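Some notes on the structure that comes next.
Because the structure is predicted, anything quoted here is derived from the model rather than measured. The basis for the numbers below is simple: all heavy atoms, side chains too, and nothing from hydrogens, waters or symmetry mates. Here is how names work: the chains are called A, B, and so on, in the same order as the sequence lines, proteins then strands, and each is numbered from 1.
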Amino acid sequence: MQPSLEPDQQLLLSTTAKFLDEFAPPAEVRRLRDHDAGFEPDYWRRGAELGWTSLLVSEDAGGGSVSDNGLVDLALIAHEFGTHAAPGPLLPTSIVAGAVSRHDPGHELVGALLCGDAVASWAFTEPVPNDALGTVTVQARVDGGDIVLRGTKRPVESAVQASHILVVAATGSGLTQVLVPTDAVGIERRSMKTVDLTRRFASVTFDDVRVPVTAVIGEVGGAAPAVEEQLQQALAILAAESVGAMQHAFDMTIEWAFNRYSFGRSLASYQALKHRFADMKTWLEASHAIADSAAQAVGAKSPDAAKLASAALAYIGHYGSELLQDCVQLHGGIGVTFEHDLHLMLRRHTLDRTLYGTPAEHRRRVAGIDQKGRNAA
Amino acid sequence: MQPSLEPDQQLLLSTTAKFLDEFAPPAEVRRLRDHDAGFEPDYWRRGAELGWTSLLVSEDAGGGSVSDNGLVDLALIAHEFGTHAAPGPLLPTSIVAGAVSRHDPGHELVGALLCGDAVASWAFTEPVPNDALGTVTVQARVDGGDIVLRGTKRPVESAVQASHILVVAATGSGLTQVLVPTDAVGIERRSMKTVDLTRRFASVTFDDVRVPVTAVIGEVGGAAPAVEEQLQQALAILAAESVGAMQHAFDMTIEWAFNRYSFGRSLASYQALKHRFADMKTWLEASHAIADSAAQAVGAKSPDAAKLASAALAYIGHYGSELLQDCVQLHGGIGVTFEHDLHLMLRRHTLDRTLYGTPAEHRRRVAGIDQKGRNAA
Amino acid sequence: MSENALEDVESFRARAKEFIHANLRPSVGPSFGMRDVGSMEVELALVEHDRALQRALYEAGLAGVCVPKEYGGQGLTPAHQRALNDAISGFEYPGRFQAPTFSPCMAVLLDFGTEEQKQAHIPAMLRGEELWMQFLSEPSGGSDVAGALTNAVRDGDEWVMNGSKIWTTGAWWSDWALCLARTNWDVEKHRGLTVFIFPIHQAGIEIRRIEMLNGSKEFCEEFITDLRIPDSDRVGDVDEGWTVGTRWMMHERTLMNSSYVTMPAGRSEGGGRIGDALAIAAAAGKQDDPVVQDLLGELEVLELVSNALQRRLGDGMRAGTMSPQASAIGRLFHGSAGVRSGSILFEIVGAAGGAWEDEDGELAERGVDFLMRQIGSIGGGTTEIARNVISERVLGMPRERAVDKGIAFRDVPRGPSSQHSEA
Amino acid sequence: MSENALEDVESFRARAKEFIHANLRPSVGPSFGMRDVGSMEVELALVEHDRALQRALYEAGLAGVCVPKEYGGQGLTPAHQRALNDAISGFEYPGRFQAPTFSPCMAVLLDFGTEEQKQAHIPAMLRGEELWMQFLSEPSGGSDVAGALTNAVRDGDEWVMNGSKIWTTGAWWSDWALCLARTNWDVEKHRGLTVFIFPIHQAGIEIRRIEMLNGSKEFCEEFITDLRIPDSDRVGDVDEGWTVGTRWMMHERTLMNSSYVTMPAGRSEGGGRIGDALAIAAAAGKQDDPVVQDLLGELEVLELVSNALQRRLGDGMRAGTMSPQASAIGRLFHGSAGVRSGSILFEIVGAAGGAWEDEDGELAERGVDFLMRQIGSIGGGTTEIARNVISERVLGMPRERAVDKGIAFRDVPRGPSSQHSEA
């Protein structure tokens, strides 16, 4: 999160933080562990009232952001989701609301997403052996006035709760995005397990699912730029959320170090631990910095957006795990118990580093961009 | 080095240590920086008298070891070479003396190598783009009573000083080893630069070098097992030498930490540094352990020899660099000056981790052995 | 016992082999990540099976190889124990008895117990009748085990104990406890401790199973309230508990090389992951990915080095060229390598580390294992403590400033987070 | 000076651009690993070129952007300096003047110098006539710069100095020194220091060039013998040198964000290695090796994060939401990332890292760079000190026990390795 915010951003942030403090405390997160959806519809509607779902939607479509960069504003919300390990389909709903509203500002789904009545999901990634980031094998084929989908996507967030899934599919050598109602014939959703307590995922199989071509968002075979933009948005959201999780775990561990005494003095007085906290603080500030840069660049569609977004996931994915696990280590045994809160943040970060490419895949993506630049030069 | 030695091994070790203390002190190593050969012939002959060159040569060929595992004994010498960053072509001479004596115990080169009058080298590795460990593109072709060599090897240790080079070449799909006198027509030796102050390397090009087939060591096209054994021996020697370099640098840095005061107390009293010394001590003991295991297994031709030898290089290469560089760090600026002795060990270790495969290549080799095992199972 | 009377190692080995091949089942592969084993019934059945295995070994003359015959052991040598370890490699064995029942608990009794205590308990342990646990760590204590707040007050021929202990493996299915408690608050920390033994299942001890974040309930916390212990169940002298404690810790640290412990040769806690890793890589379809090969190689290298290091440390300590404190080197390596190996496995799993289906086979649940990555660097003494031991005891560097030296334990600062019921 | 009189930033930017494009040459790429630049003649020529560049900037009204006009500067704002940094990006600039001449030396003079000192030296610096160096570190001192043993004794209107300083970049081609010395041994360490300035090339100062292990002779050691300094060349009060020293260190730490320093935008010391790395990978024929791609990506990620972090810290410190001590975070990142980047480059080089031919092009000499891997974690304050600063000053953790507090400096233990000539 940036070291200084505009007053409107500050308000958005503090309103969300206060709401989550009250309605998503650790006890509630633990309770939702066995909840089918992982969140209560009313909680989600009230969050939507705070603006959570509107930030990637332009004003003419009923949305709106508080600064000139809606993704930066959304990153503030995502950061708070991270600090609270908060429930709710923030990422997929935001991505779909943005994508559909850019295609058709008057689409009725947009209104339902904005007010929190509906949930939607984005189906981009695929299972092994097609799990490399960007691989798309699900086929979208035009058949008269219909478009027919075949293949499997996973993990698809909140797919069981969603009314619609925006599916990324291949048509020839191009990409097509199709907005499929989840009650369409031929859709099978199998719930998955996850490290997170409140997020929910499914594997979704499309067995020749047939919808009218009007369900295509953008153009048939021409969706690649939109998909890339949505991916970058997803990365910026994941980065911000991950940093929020790191920040809270770090704060908890600092407090523990000051209050926990061993051999008659606080853990915070031991130089070996102090130096590890210094390293962690450095990783944390660096993570904030690259997450902010990524959100800024992606939101502004800068030329370096792809590189910064992947750099954020690569850095935060790796160093975030090191930070969170060192927080566990410094807590000792209590840090790996279910009753302690630390693992809520560890779970959220661990999930986020797997959803849209692992750190290794993002390192590769960055290197690929550099190499392309060099070859072009 | 093993925590306890047999009396004969102890004697071999202490004799060599004393000799190197006297004849290869840091000042002498620095002086040899500008010496063509990197060592004085008389120094080498006297080292040979101590048994340095005899340990891989069987008694019937005039050699002999002090235990039942000559490679373990040689590893003791190599360890002392590491602690002193000592001059001299220990590795190539030992490998060639062993290989030639196993082929022909009466070969006259063996005697000359044993008494230190001659130096020989083993040419196995090749330059970019054939520098992957094990790639052999130099061709050996039988032409009547001759064998003809074509291609380039590098780095070849002490190639300019050597009377003979044992060249690993490809004949069809097999390997052939040819012992080539360095005055043969068509050999070009170009001196290389190196991080080490006293070791010398050359790039050696064979431009249809023709020697009698009697120069073939082993069988034409059948040398692969011998080459693998020699490689493993080389790895065991490099591992032992590297650990010696680590041990000496660690000892120097421990002493520095006790004697150097900062803010009124010794560096050794700072917990953050104490914990780093604990890590280094652990890497060091682990390096000793795997180097010893490797020498033992390779010398005894155990089934796990290949895996242990590569594990040693992979571990010692990586963690040795971390240890040595942390010794530099703990010394501060003085640690990167030419006048300080620390870099002599850093140079030796850095060289050794590049000569017969980098740590990454050895990790790959280990994984390959495992995978083969799994596929066979 | 004259030395001549000793069975020679090779005939012992042959006898052991014969029994093992005839009576024990092959071992199932090691499991990592401390996953939930299932219901309490399943776990109890496993415990009963271990008791039966131990009983069978006892009856075959293969239990307590280095324990004196008068306490039900075989009175043999460490070389015999190693022969047994070799012979049992690849077979099932009574794992739950080895640590902490045989070491450190039995080892401490052999070192400090009264003749009555030894006679009462050691044969029972060897027969598989008594499973012991250490009541050592405390919720407020962390790494400072000598800072125990659990309090024992003398009352005639008895002691009355109050306090709580934590991180006891399976206290709910164990029989006896070895417990460190404070008996004097007016002296320095290490001078006011006493060691006791008592049955775990009795009034005055309430056991709570702790849920770990992966669902495992392996560990327990015990609340001790007005527990009465006869003075005859005291081990060592009053207020001299740290003399016992020092040996106790030493036995714990040198567990892997203990001659009281039966541990199939070639097995080490950190080891055996390469098989898992290859299976994961295959399931992820990445066995030919060079980056994954690099990681697989690194994992296997760490395992080979770990084995070599444990052997080196064992040899060095046996030969006396290394102090027993050098075992902290093995502990630190094990912890660090475990962390790295855990990361490597998670890397190879890829996207399935975050969300998975049961049908994912080798890829399933790996994300939960990753959440537990640090467990091997925490349990059994943290790596931080190991680093202190190595720098101070092995390398001889100055000790950390001890705020708790030279003052009565009741005056030692305990910080805002620690409450305790003091005498 | 009224605010209205200020040239607006955009017209300043335009003016700077025009001058730069017309007069300066494009920069050659950054070079890493601190290699030997060649002979003394070559180095002196480079220094003279920097002096000429600085003179040209001065004459164009582009020197000392934030320095008051009365000392020869432009009296403008940090925004103007940033505009100049943008404009000069991609062009040559007088690098040797920025650190330490403009910061910390000129900055310290502006903070603490007498009017006479400022008038005498600041315009000369801005005109390219005076290159300054810091006489700060000492052979015995390491990270403890306040533990200076170099001794200055008052003698009437003069001071007589003896001692030695080390790690001075290019003292042999520089003009003036800013020097920290001990003037009182009977008080606590920080209370007996005084700061002086003096010309470097005079009797009483002997300069020795230090050979680094890569052949570079960038650094010098100075031996000071009975050097006489007029009291008018004292900076700050007698025995109050640490008041000056604290600001001095602060200027050093915040160099990257200093408004006295001209530094082409987008350039950072740790950055720019990705170009090198791609060239190395191509030369090694490994540009398509997935393991190498992983390393290349990691290198570039570290560089992107480094730039983002420096920007964040600069913004935070400017906005006052972060303390100046937060610069230690940037320093630690830079040091750690530099170490990792150095390892990555060496990994990619492969076998040529140990032995190479001149014809190897991008692969040559890389092994020597690797030997110098730590330089970025040592020079300019070690990463260890940065970790102390972050934990104690940024996170507010308890300070390390200071043995040298509360006693006269002459009684502070200095250990067996340190000899010194005491007053």
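Residue A:Ser266: no heavy atom, backbone or side chain, is found under 4.5 Å from chain C. Neither the backbone nor the side chain of A:Arg348 comes within contact range of chain C; no heavy atoms are under 4.5 Å apart. For A:Arg276, the part lying under 4.5 angstrom from a heavy atom of chain C is the side chain only. The contact between A:Arg353 and chain C is made entirely by side chain atoms (from C-beta outward), counting heavy-atom distances below 4.5 Å. Only the side chain of C:Ile210 comes within less than 4.5 Å of a heavy atom in chain A; its backbone stays farther off. In this structure, the portion of A:Tyr270 lying under 4.5 Å from any heavy atom of chain C is its side chain and not its backbone. Both the backbone and the side chain of A:Phe263 come within contact range of chain C, with heavy atoms under 4.5 Å apart. The part of A:Pro155 that comes within reach of chain C is its side chain, from C-beta onward, which places non-hydrogen atoms under 4.5 angstrom from that chain. The part of C:Ala283 that comes within reach of chain A is its backbone (N, CA, C, O), which places non-hydrogen atoms under 4.5 angstrom from that chain.
In this structure, A:Glu157 contributes its side chain and A:Phe201 its backbone to no donor-acceptor pair below 3.5 Å. Judged purely by atom type and a 3.5 angstrom limit, A:Lys153 uses its side chain to pair as donor or acceptor with the backbone of A:Val168.
There is no side-chain donor-acceptor pair under 3.5 Å between C:Gln134 and C:Thr168.
Between chain A and the options C:Asn388, C:Ile407, C:Val291, C:Asp358, the largest number of non-hydrogen pairs under 4.5 Å is found for C:Asp358. No other option in C:Lys405, C:Glu359, C:Lys189 has as many heavy-atom pairs under 4.5 Å with chain A as C:Lys189. Note on A:Asp352, A:Leu273, A:Thr358, A:Leu346: by heavy-atom pairs under 4.5 Å with chain C, the leading option is A:Leu346.
A heavy-atom distance below 4.5 Å is found between the side chains of C:Arg387 and C:Leu332. The shortest side-chain heavy-atom distance between A:Phe81 and A:Pro87 does not fall under the 4.5 Å cut-off.
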